[in-house]
Amino acid sequence: MKALVLDGSREGDALTAVAVLGMTSALAGRVDVVELVKPRELAIAPCAGCFGCWTRTPGECVIKDDARDVVGSYVGSDLVVYVTPVTFGGYSSELKKLLDRIILSVLDPRFTVVGGEVHHRLRYRRFPKTVGFGTLPSPDPEAERLFAGLVARNGINAHQRFDVEILAGVTDPVSARRSAERLLDRAGVSA
Amino acid sequence: MNALLLVGSPKGRKSASCLLGSILAEGMRKHGAMVSEEFVHEGLRSEDGIARLLDSVDAADLVIFAFPLYIDSLPAPLTRLLERIAERRARIAPAGSPRLAVVVQCGFPEAHQCGTAVGICRLFADRTGMRWAGALAMGMGGSVGGDLKKLPGGGKNILEAIGMASESLANGGAIPEAATAMFAKPLMPRWMYTLIGNFGWRMQLRKNKARRPLTYRPHSQG
């Protein structure tokens, strides 16, 4: 079993670094391979909104940069973990720039109905199980509610349930690992 | 009243977001507002461009984000701009508290799918000392082309909603709830939109002379 951890931290973000540490140590006993990707260290152009990954080179972005390599890892993983500072209830720009480039290429543009709403079909037979692991400097109910809602909506786009956990003010790796274990238990990721 | 329209679509001037935002800006000008336009993707390409965007936000009485929904939230560059604005406003006590309004459209038929993105913008306004001035959110954004009058019904609901919003914003108010509700009305039945959309993807594929089928899987693991 392979897990892909997307570290959406920005430079100097100690809280998210602790969350990544907690998550990778929790995963070590549950999966065979953990791949860690840090978007901020990659050359990734923003999505051009051209739909080329649907109507020019289906399944592949037309921009040739580091994001294209991550798509293969994404599709080949059993579990994907979004670790990110909760940014006004959303993802960090670092994580988002990567997701903007990945997600369309793993979807099939044709429409279908999921949970009563229109969404896109899935390009691959299997979409990796996905969880969101957000960090905040202190509890923030409004940001937490929005973040949980965003992760859940991303799950609907992937025709499955995405679980979520938020670390508020957690600075020690032991507590971060405990939260990560709780999230993985909830998502059914067992050894 | 000095307003700033920030277009958050990577397609810039050719985008549906720019079209909708520009109609709003034009409506506000007719009601006496000064409205300037900036393109987020262009601005973020250089430090000078970022400084210009941040200075423009500081100088505005009203900021309007016009953007497409990207994976249930804002496109990454617009998120980056939010981070930069927040950093500046935390570092330098802002002289004023501009209002923030949003125009967002998504390619799904249901306008409510834009709800999380609107929530993010609203929270951003709250946490950076800006005042929330409401949102116009619509589905079926894939139908919005160069001429709204070619839409079913002549785009009447969109134009009326923007008309109400522009008058209120130009006069210092927020987007009226009636405008938000009217803007969110579907342009056509859901079945028709998805039928046209599914046909459209295939036509685009053919037009682009793509050598792979729509369903191609370049990564065989899946």
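A, B, ... follow the sequence lines: proteins, then strands. Residue 1 opens every chain.
- Without hydrogens or angle criteria, B/Arg217 side chain to A/Arg123 main chain gives a donor-acceptor distance under 3.5 Å.
- Minimum heavy-atom separation, A/Arg153 to B/Thr116: CD-OG1, 3.5 Å.
- Note: A/Phe88 and B/Phe124 have perpendicular aromatic rings, judged against thresholds of 30 and 60 degrees for the angle between ring planes.
- Of the inter-residue distances, the one linking B/Gln113 atom CD with A/His119 atom NE2 reads 4.0 Å to the nearest 0.5 angstrom.
- Contacts between B/Gln204 and chain A at a heavy-atom distance below 4.5 Å involve backbone atoms as well as side-chain atoms.
- Separating the CZ atom in A/Phe147 from the CG atom in B/Leu123 is a distance of 13.0 Å, to the nearest 0.5 Å.
- For a residue to count as touching a neighbouring chain, one of its non-hydrogen atoms must lie under 4.5 Å from one of that chain's; by this rule A/Asn154 touches chain B with backbone and side chain alike.
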Exercise. Could you walk me through whether B/Arg127 and A/Asp140 pass the side chain to side chain contact (heavy atoms under 4.5 Å, CB included) test, one step at a time?
Key: CA-CA 11 Å; B/Arg127 297 299 154 81; A/Asp140 182 338; 2.4 Å; yes
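- Ranked by heavy-atom pairs under 4.5 Å with chain B, the first of A/Glu60, A/Glu142, A/Glu117 is A/Glu117.
- B/Thr79 contributes atom OG1, which lies 7.5 Å from atom CG of A/Asp100 (distance to the nearest 0.5 angstrom).
- A tilted orientation is assigned to the rings of B/His219 and A/Tyr124, their planes being inclined by 30° to 60°.
- A distance of 10.0 Å separates CG in A/Leu146 from SG in B/Cys121, rounded to the nearest 0.5 Å.
- By number of non-hydrogen pairs under 4.5 angstrom with chain B, the leading residue of A/Ser105, A/Ala143, A/Gly49, A/Gly89 is A/Gly49.
- Contact tally against chain B (heavy-atom pairs below 4.5 Å) for A/His120, A/Glu94, A/Arg145: the top residue is A/His120.
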Quiz prompt | Derivation and outcome, side chain to side chain contact (heavy atoms under 4.5 Å, CB included), residues B/Arg190 and A/Val113 | solution = CA-CA 11 Å; B/Arg190 192 169 88 166; A/Val113 175; 3.7 Å; yes
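- The contact between B/Pro213 and chain A is made entirely by backbone atoms, counting heavy-atom distances below 4.5 Å.
- Neither the backbone nor the side chain of B/Arg206 comes within less than 4.5 Å of any heavy atom in chain A.
- Contacts between B/Leu82 and chain A at a heavy-atom distance below 4.5 Å involve backbone atoms as well as side-chain atoms.
- The aromatic rings of A/Phe51 and B/Trp201 sit perpendicular, their planes meeting at an angle over 60°, well past the 30° parallel limit.
- Only the side chain of B/Arg202 comes within contact range of chain A, judged by heavy atoms closer than 4.5 Å.
- The pair A/Lys96-B/Glu83 fails the salt-bridge criterion, with no side-chain N (NZ, NE, NH1 or NH2) lying under 4.0 Å from an Asp/Glu carboxylate O.
- Contacts of A/Asp108 with chain B are made by side-chain atoms alone, with heavy-atom separations under 4.5 Å and no backbone atom involved.
- Interface check for chain B: of the options A/Leu98, A/Ile156, A/Leu122, A/Val71, the most heavy-atom pairs under 4.5 Å are formed by A/Val71.
- The neighbour count for A/Arg56 CZ, taken as heavy atoms of other residues, nucleotides or ligands under 6.0 Å away, does not exceed 12.
- Among all heavy-atom pairs drawn from B/Asn198 and A/Pro109, the shortest one is OD1-O, 4.5 Å.
- Interface remark: B/Arg212 contributes backbone and side-chain atoms alike to the contact with chain A (heavy atom separation under 4.5 Å).
- Residue A/Arg10 touches chain B through its side chain alone, counting heavy-atom pairs closer than 4.5 Å.
- B/Asn208 contributes atom CG, which lies 9.5 Å from atom OG1 of A/Thr57 (distance to the nearest 0.5 angstrom).
- The candidate from A/Gly52, A/Pro128, A/Gly90, A/Cys47 with the greatest count of non-hydrogen atom pairs under 4.5 Å with chain B is A/Cys47.
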